[in-house]
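So the structure is just underneath, and the comments pick up after that.
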Amino acid sequence: MTTAVVVFPGSNCEHDVVYALETLGGSADLVWHRDTDLSGYDSVVLPGGFAHGDYLRTGAIARFSPVMAEVNRLAAAGAPVLGICNGFQVLCEAGLLPGVLLQNRDLKFICRPIHLVVESTDSILTRAAKVGDVLEIPLNSYEGNYTASADEIASIEADGHVPLRYSSSTGTVDEGSNPNGSTNNIAAVSQGNVAGIMPHPERAIEKILGSADGRVLLESFLQSKVATVV
Amino acid sequence: MPLHQALGMTDDEYGTVCDLLGRPPTEAELAMYSVMWSEHCSYKSSRAFLGRFPTTAPWVVVGPGENAGVVDLGDGWLAALRIESHNHPSFVEPYQGAATGVGGILRDIFTMGARPIALWDQIRFGPLDDPHNRYLLEGVVAGVAGYGNAVGVPTVGGEVAFEECYAGNPLVNVMCLGIMRKEQLVLGTAGTPGTIAVLLGSSTGRDGIGGASVLASASFDADSDTKRPTVQVGDPFEEKKLIEACLELYDRSLVVGVQDLGAAGLSCATSEPAARAGTGMDVDLDTVHVRESGMTAAELLMSESQERMMAFVHPSSVNDVLAVAAKWEIDASVVGTVTAGDTLRISYNNQVVAEMPAASLSEAAPILRRDSGEPFWLEDLWTNTLEYLQPPDITRCLLEVLADPSIGDPSWVYEQYDHQLFLNTVVGPGDNGSLLRIKGTDKALAVSTDGNGRQCYLDPMRGGANLVYESALNVAMLGAKPMAVVDNLNFGNPEKSEVMWQFIETVEGISQACESLGIPVVGGNVSFYNETDEADIYPTPIVGVLGLADPAPRSVPRLNRAEAGMALWMFGPRNSRNLAGSSFEKIIKGHVGGRPTGPDSTTGKAVIELAVALAQNELVPVMHDISDGGAAVTVSEICIASNVGAHLQYSSWVGLFAEAPHRIIAAVPPENFAAIRQLAEDLGVPVSELGEFGGHRISFDNPVAGATSLSVDKAADAWRGAIRSRMSH
Amino acid sequence: MADTRTVTVNIRRRPSISDPQGATVARALRDLGHEVTGVRINKTIELQVPDGDVEAIRTKVAEMCDKLLANPVMEDYEILISS
């Protein structure tokens, strides 16, 4: 079975995601945002980039792309659905995940490796990781500042829906290790079979490019496929 | 004022057009000639001298004259590279000026059939204590990031520098590299008669009429406000779709030729491909998809609306091309047909509005031999050297140099750029140069871009040559053999004889260095009229060198790999005692004078070969060239990146800050001493064993003056704050 | 707050300057079945300034627009002063 990697006009990390999934033994196809049939796929990745130019608001136009009906259907059927960076923004805008990603605290695009601490392994991103693991993963976004209403934050925290937080290299979670102002240093949100992550695990699968710490996250995603019946 | 003058054309040029046509030109024709014969498009002041560059080598597939240079990487792979300036538009509107500069250079690369895989930006501004310069830096960086990140091409390196002379005239040069398989190469040709011209991408509007071509051909003065409405707006989203659509067209072999629409818009995209093919073309402006109504033929022909491409298509493929455009959600119009003969015929509203020999727009452009002469002030400048009676406080001076924005940490800039997309970036910004792997092969491409306006001002020939050696050395330290050069020649007003002299000297210096190293110039760009209120910028050539590492070393030398116990060696000429043009004299003494040390072609070449060998054989974990700031800065940068101290013996303090070329500082593991000494001896490169790495202080030791030191943390704080602290208020 | 006044500044790109964002939104609206022939996306800025002579305020805000708020290269602005 195969992962559908959705290409919106303006997506740009789609080839990297396919490369990473295939390097880790998965198989993946690019599917165009006008496709209306994802039968035959058992999981979905919405990759990073600037879907529809990020015009109006990030994800605002992408959520209406024809393919999103199928993404919703697969999500409802229990298939793993992962949004990375811009894909996370689309999932939030589409209501598949709570919250929203605002402009970074310093109003600057940030491209640099940051650290994440694994807070829960009960997610399609972290099931192969260990609580307390510190991962070095590149962040690459202008709108990466995770925010939600106080009630929503309280609820996702209470329900353990935060698998990863921004941290120091030793795993300390504080304001100093928060690159973009995200509430409670939230770097990823996971609800059942749907998850969004702001940093780019697919950019951290080979030591030669700086870090291989993203492997465990994408391996978790690939293992989730096996564990799910669509 | 007669129309031709309003369009920036001289009376002589107007006369030439009348002679060519045998009649006075129509308004549309005049518009076309005026943009095509502008300095920006025709290189009329520089063309006579650019022939000096060596441009051939067995691996050159496409040399200067096409949209980009192309070189053969072996095993069916080609690389396309090009550099362009967007200085004037960036001064007028920093965000859009820089953004459209990125868009334009990308089109030059994917026009050739290559997927753009990386960008480098070379930017120069006035000092950061002036809020306007901070505004320009902020805007230009945001523009490069806003366009480059969104269009999905990583910006993996470059250089940022500050100097008073750029205050009224910032420099924004962008280089782009693309790769392709051999069979994907496409040229800017119109093909054979019967070929159909299809205009792809954005609609045509009035924005940017005469923008790049006229702006880049005129100087700024108090009323530069009046030139403002010609700024173009970039749309990275449209460009991204255009890239993917074009690459699909190439993959499916649906096009005969392609030409991007940049400066001079449709005028260029019709006449140049026809001229290259030796054909004519009929073009119907009524079919052009437009953004606003009521545009005149002249406006349509001059418009510099961004994100447009002209594809030349066999009639049987037109429907397929339109279908690919529809799939990628870009607009497309059939606008013309290639004809036999050599006449470019443009009609609008069912009337012929322009008719001329297609080649006359490019090939008949005037070639000027402007006056040149050595500046009268040059001798005085060379003899204006400083005498040092007392040695300075070395660590205090070093801290001051490290804290200078031209020397210190540029991460404030590059952290705003996506520099990792495509998963190729083995070595990214902040190192000697960039190294990009080619996935599925053992090959990697190394690129360095370098400029040094101050040295070129003091001696344009030596300065220009030194840049080639510096860039080539940066590439070599990544294990790559230098194989091609592109240059961006940023100069003042060519109507001044000293500016033309600087230009000719620079071309000579670059040419000599390229000949010595055996690397061809495969493309370039000339930007004149970089002056404000009659003050010219320093002559500022930017050199970009592409190198090929095949195979790429598994473990590439990096600045951050020095460890306690490794020896600190220098390779290259000893006893450099010249501070002319150095960062030390500029920053510490506020002085710019004397004559910088020029290259030594034999040593320069040998040091480059040594660097390739050291990297390829993985003998040294760290190599860093001595350039801006001298050896003291080179060692400090290694110590900061590696978080380790160093102990260094010196014989003269001047040698710590001198910037003479062909020198490398390396961290050397003891087990490799013998092998390295042997290699250096075989190549005839002097080795100086200066000290060792260890501890947490950077110390400088002299038999007479004794030792002085500072902590790595203190050096790091000064270096890291150089730009960041000035931009955070 | 009797001594402050609200000034609204509307900033628009000149008609001849392209608005890629507006064009993209127009396409999306049409995809959703809405009849739209054009979209331009503009900026609104609300300022609180010390109260005083309306024409003096207008002059001052115009200066802010020229210097910082608007980009004279490609934008026009209008100043609305609350009564």
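The sequence lines fix the lettering, A, B, ..., with proteins before strands; numbering per chain opens at 1.
Interatomic distance, A:Asp54 CG to C:Gln21 CD, rounded to the nearest 0.5 Å: 9.5 Å.
Annotation for A:Lys108: atom NZ counts as buried by contact number, over 12 foreign heavy atoms lying within 6.0 Å. Dense packing is recorded around CD of A:Glu22, with more than 12 heavy atoms of other residues, nucleotides or ligands lying under 6.0 Å away.
Contact annotation for A:Leu56: both backbone and side-chain heavy atoms come within less than 4.5 Å of a heavy atom of chain C.
Considering only heavy atoms from C-beta on, C:Asp31 stays 4.5 Å or farther from A:Phe64 through its side chain.
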